[in-house]
Amino acid sequence: MMKPLLLILDDWERLISASPHWSRLDGQVEVKFLAVPIAEATNGELAVVNFLMAIRERTPLTEEVFARMPQLKLVLQTGGHAYHIDQEAAKKRGIAIALGRRIKAPLASVPELTIAMMLSLMHLIPQAQQAMHAGEWPLLTGRTLKGRRLGILGIGRHGGNVARIAKTAFGMEVVAWARPGTTNNYPDDIARLPLDELLRTSDVVSIHLRLSKESTGLLNAERLKSMKKEAILINTSRGAIIVEPALVEVLKNGHLAGAGLDVFVHEPLSADSPLRSLNNVLLTPHIGWTVEEVFEEFSEIACTQLMQFLQGTLPDPELLA
């Protein structure tokens, strides 16, 4: 009797395949890593897939994709979001979607990158690096984080860790804003401010919001122009929260000192994006989550969830409603 097949997509770093956790499935499930984009896979390869592991949003899981996998029962979606999944199509076909919300490693990696961007921009490290590699010895004057106000948009798991690091390690004053209706418990030493006041008074603004109808385009031209000219803006959350053309304008015109961006409206960022030509912007290719510890945890969680699914014990809260 053939074992059910787990197909794993987009293991570009080859860290998922290197994980020892897959040995736990020996004798129960056949594990296959797809070496090409799913669009290039044959119908024969996909027709026998029972379980699918997706690495974040690297492959959109559309009605067309699901139609090619008639035996698919479960999607193991790494991370806690499913923006790229046609959920109605999955529901219609009886495909369960398990989310990796229990993952802990990004609670370190994303705040670390956020703080690294703050330090790099305040101390002009990108400019120093570029000049030194060009044979120059530049005269640069940076600024410290100590005593400055950090405004955090979204004081959840990532934002809360950024707040703690900023206060304890750098002596920053931390204030925060959250969308109306959220129930985050604010520490006593973090003031909750209206959005416009936070933007107007903060030296550093860091975004840690989920993408939603309300947060999409939240930082528009008017709000960006209201920020201090000496302020810097950090986004390691979701690109669409900022109106990118408006951000380009304020950075070009000196209405904002700098920005650190790990996320963009469209990824990969286009080669001709005007953001690439601005020397006061620090750009990284969505690396907040791409650390060794995250890939190892992805593997462990997906393996555990699949075993629980086979045993009928996968907890309901881990399934997308």
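Quick note: residue numbers are just sequence positions, from 1.
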Legend entry - Contact check, side chains of W22 and I8, non-hydrogen atoms, under 4.5 Å: yes
Inset, instruction - Decide, yes or no, whether a salt bridge links E13 with R58 under the criterion of side-chain N to carboxylate O below 4.0 Å. - result: yes
Inset, instruction - Would you verify whether the NZ or CZ of R192 falls within 45 degrees of the ring axis of W177 while also being under 6.0 Å from that six-membered ring's centre? - result: no
Inset, instruction - Verify, without hydrogens or angle tests, whether R148 (side chain) and R143 (backbone) share a donor-acceptor contact under 3.5 angstrom. - result: no
Inset, instruction - Determine, for E63 against K92, whether the closest basic-nitrogen to carboxylate-oxygen distance falls under 4.0 angstrom. - result: yes
Inset, instruction - Look at the side-chain heavy atoms of Ile, Leu, Val, Met, Phe, Trp and Tyr, link any pair under 4.5 Å apart, and say whether L218 and V248 land in one connected group. - result: yes
Inset, instruction - For E222, look at atom CD and say whether over 12 heavy atoms of other residues, nucleotides or ligands are found less than 6.0 Å away. - result: no
Inset, instruction - Would you confirm whether S273, through its side chain, and S270, through its main-chain N or O, come within 3.5 Å as a donor-acceptor pair? - result: no
Legend entry - Donor-acceptor side-chain pairing of H21 and S23 below 3.5 angstrom: no
Legend entry - Expected output: side-chain E267 to main-chain F264 donor-acceptor under 3.5 Å: yes
Legend entry - Sub-4.5 Å side-chain heavy-atom contact between T62 and H84: no
Inset, instruction - Tell me yes or no: between the side chains of S215 and S212, is some donor less than 3.5 Å from an acceptor? - result: yes
Legend entry - Exercise: do N161 and R164 side chains pair donor with acceptor under 3.5 Å: yes
Legend entry - Residue pair T304 / E300, side-chain donor-acceptor N/O under 3.5 Å: yes
Legend entry - R93 vs F66 side-chain heavy atoms within contact, under 4.5 Å: yes
Legend entry - Side chains of L247 and V281 in contact at under 4.5 Å (non-hydrogen atoms): no
Inset, instruction - Check S202 against A231 and note the closest heavy-atom contact, atom names and distance. - result: O-CB, 3.7 Å
Inset, instruction - Examine L153 and L224 and state if one hydrophobic cluster contains both, with Ile, Leu, Val, Met, Phe, Trp and Tyr joined whenever side-chain heavy atoms are less than 4.5 Å apart. - result: yes
Inset, instruction - List in chain and number order the residues that pass salt bridge (charged side-chain N to carboxylate O under 4.0 Å, His left out) with R101, two or more places apart in sequence or in another chain; answer none if no residue qualifies. - result: none
Legend entry - Donor-acceptor pair, side chain of S19 and main chain of S299, under 3.5 angstrom: no
Legend entry - Any L61 side-chain heavy atom under 4.5 Å of V75 side chain: yes
Inset, instruction - For residues I155 and V162, determine if any side-chain heavy atom of one lies less than 4.5 Å from a side-chain heavy atom of the other. - result: no
Legend entry - Donor-acceptor contact below 3.5 Å, side chain E244 vs main chain V265: yes
Inset, instruction - Measure up the F295 and W289 rings against each other and bin them: parallel (under 30°), tilted (30 to 60°), perpendicular (over 60°). - result: tilted
Legend entry - N/O donor-acceptor pair under 3.5 Å between N50 side chain and P4 backbone: no
Legend entry - Residues R149, E173: salt bridge by 4.0 Å N-O rule: yes
Legend entry - Check: A47 main-chain N/O paired with Q71 side-chain donor or acceptor under 3.5 Å: yes
Inset, instruction - Give a yes or no answer on whether the side chain of D11 reaches the backbone of S17 with a donor-acceptor pair at less than 3.5 Å. - result: yes
Inset, instruction - Taking T78 for its side chain and A54 for its backbone only, find out whether a donor-acceptor pair lies under 3.5 Å. - result: yes
Inset, instruction - Scan side-chain atoms only and decide if T236 and D262 contain a donor-acceptor pair under the 3.5 Å cut-off. - result: no
Legend entry - Side-chain touch R276/L269, heavy atoms, less than 4.5 angstrom: yes
Inset, instruction - Could you tell me whether a side-chain N or O of E30 sits under 3.5 Å from a main-chain N or O of M2, the two making a donor and an acceptor? - result: no
Inset, instruction - Report yes if some heavy atom in the side chain of S120 is under 4.5 Å from a heavy atom in the side chain of P126; otherwise report no. - result: yes
Legend entry - Carboxylate-amine/guanidinium proximity below 4.0 Å for K32 and E45: yes
